[in-house]
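Single-structure report; data block below.
Counting from 1, the numbers follow the sequence of the chain as shown. Ligands are counted one by one from 1 in listed order, and the atoms in each one are counted from 1 as well.
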Amino acid sequence: MARKIQAIRGMNDILPDQSSVWLYLEKTVAEVVKSYGYQQIRFPIVENTDLFKRGVGETTDIVEKEMYTFSDRNGESLTLRPEGTASCVRAADQAGLLFNQTQRLWYTGPMFRYERPQKGRYRQFHQIGVESFGMATADIDAELIILSARLWKKLGLLDQVELQLNTIGLASEREAYKAALVEYLTEFKDVLDEDSQRRLSTNPLRILDSKEAATQAVLKDAPNLEDFIGDESQAHFERLQAILTANGVSFVINSRLVRGLDYYGKTVFEWVTTHLGAQATVCAGGRYDGLVEQLGGKATPAVGFAMGIERLVLLLETLDLIPDEAKFATDVFIMSMGDEAELSSFVLAETLRQEAPDLVVLRHCGGGNFKNQMKKADKSAARFTVILGQDEVAGGVCQVKNMSTGVQETLPLNDVAGFIGRHTL
Ligand code: ATP
Ligand code: MG
């Protein structure tokens with residue numbers, strides 16, 4: 001036998017027993033974002049490598065060590081998208097959607113990062129991203145957070161996630177803070193973990209994110225970003241908090257929260273959970289007023305967030321929050337015996353699908369005797385099995401068996417949809 005080829009490490013198949021959870025989550029998100037007036041945008045999975053180098057930042061984990069970059073047959077450097085924001089900006093700007101107007105956009109799809117695969121962390125993973133453009137005031141930051149809170153509420157997750165908020169100020173404020181942080185940390189350079197030592201010269205803010213105990217200990221007495229935040233950023237942050245509070249959205253301020261991507265400023269936030277171990281963040285975002293310009297567009301204020309679908313699916317499964325209606329279940333299994341009954345069974349199946357489009361109607365294919373077909377009906381876990389033989393067809397009727405009670409009755413063919421409707425209340 002030929003050797004079987006396996007999937008690539010860290011890239012998962014979503015099998016039929018999981019896909020209904022994905023569909024449920026995607027459908028719920030689509031409904032919520034639409035109700036806030038967000039429209040979907042779709043862009044390619046592959047972009048020029050420079051888009052991410054410039055858009056995400058040369059000194060970020062993503063660009064330094066996580067991108068899937070390759071040359072195409074023309075020798076051009078292309079990259080599988082590691083995130084959606086840079087592509088979303090590229091696409092919207094290229095189409096002229098960012099010029100003197102506001103936009104509310106969302107997208108979903110696979111992202112690729114070469115990370116160490118573990119629970120909640122994969123090499124191909126999926127995000128849902130929501131981005132807004134052209135609005136500089138804190139009300140839009142608040143709208144996005146309130147939108148995400150509504151989504152958690154709809155999914156039954158609101159009590160299971162915590163909103164962490166911070167402001168990282170303007171670029172100039174961050175520069176001043178970076179200088180103070182570097183000055184302080186340089187004294188303790190030998191104590192810092194290896195990554196943090198390197199970041200001292202490349203991306204010192206990221207050191208605040210370090211999970212290493214020794215580094216965290218040194219950080220205890222480090223200068224605080226809060227002390228470097230100017231009046232404008234502070235006022236923006238306070239307005240955001242006031243709107244959230246007025247809307248009953250609770251939050252904690254985490255002054256160490258920075259975000260790994262270079263383009264953020266002012267608002268940053270994360271929704272975290274205690275149920276997923278180290279992969280605790282299910283949704284992360286913030287304001288990125290500098291990105292459009294950094295990618296060659298006209299300066300455009302922007303704010304957005306992205307959530308990790310795998311982590312949300314894990315959370316829904318862990319907490320058993322998938323409603324029964326979202327689970328795949330066969331309602332009716334139709335079996336028939338003989339050519340004429342086979343034709344009638346097609347007519348019946350199509351009638352049911354026409355009259356009751358929500359029903360899952362499985363028409364047995366592949367022949368076989370009634371006994372074998374009944375085994376398939378059992379295996380399908382259908383609620384009802386319809387049996388059509390020569391005699392039934394001749395009489396314009398069928399047998400309908402309620403699979404949980406075992407009760408079987410004879411019904412006119414044109415009453416099957418009504419019968420199932422009456423038994424589904
Ligand atoms: P982390 O700190 O967990 O690496 P990140 O800061 O790199 O996250 P973002 O780039 O902000 O993550 O992506 C937004 C969300 O996408 C994350 O909060 C997470 O839910 C999800 N995510 C990011 N990387 C992965 C991955 N490798 N596998 C699964 N989900 C991921
Ligand atoms: Mg990461």
- Report, in ascending order of atom number, the atoms of ligand 1 lying under 4.0 Å from any heavy atom of Q127. 13 (O), 14 (C), 15 (C), 16 (O)
- Task: Return yes when E83 approaches ligand 1 closer than 4.0 angstrom through a heavy atom, no otherwise.
- Result: no
- Salt-bridge criterion met for E175 and K178 (N-O under 4.0 Å): yes
- Task: Can you sort out which atoms of ligand 1 are near A306, meaning under 4.0 Å from one of its heavy atoms?
- Result: 14 (C), 15 (C)
- Task: Provide the number and element of each atom of ligand 1 under 4.0 Å from a heavy atom of V282.
- Result: 20 (O)
- Task: Say whether E310 and ligand 1 are in contact under the criterion: heavy-atom distance to a ligand atom below 4.0 Å.
- Result: no
- So the salt bridge (Lys or Arg N to Asp or Glu O under 4.0 Å) pairs with at least one residue in residues 225-246 (sequence neighbours excluded) are E232-K266
- Non-hydrogen atoms of Q279 versus ligand 1: any pair closer than 4.0 Å? no
- Item | Side-chain ion pair, E131 and R104, N-O less than 4.0 Å | no
- Carboxylate-amine/guanidinium contact E31 K27, below 4.0 Å: yes
- Under 4.0 Å from any heavy atom of A284, which atoms of ligand 1 are there? 11 (O)
- Task: Select the closest option to atom 7 (O) of ligand 1 among R113, E66, R121, judged by heavy-atom distance.
- Result: R113
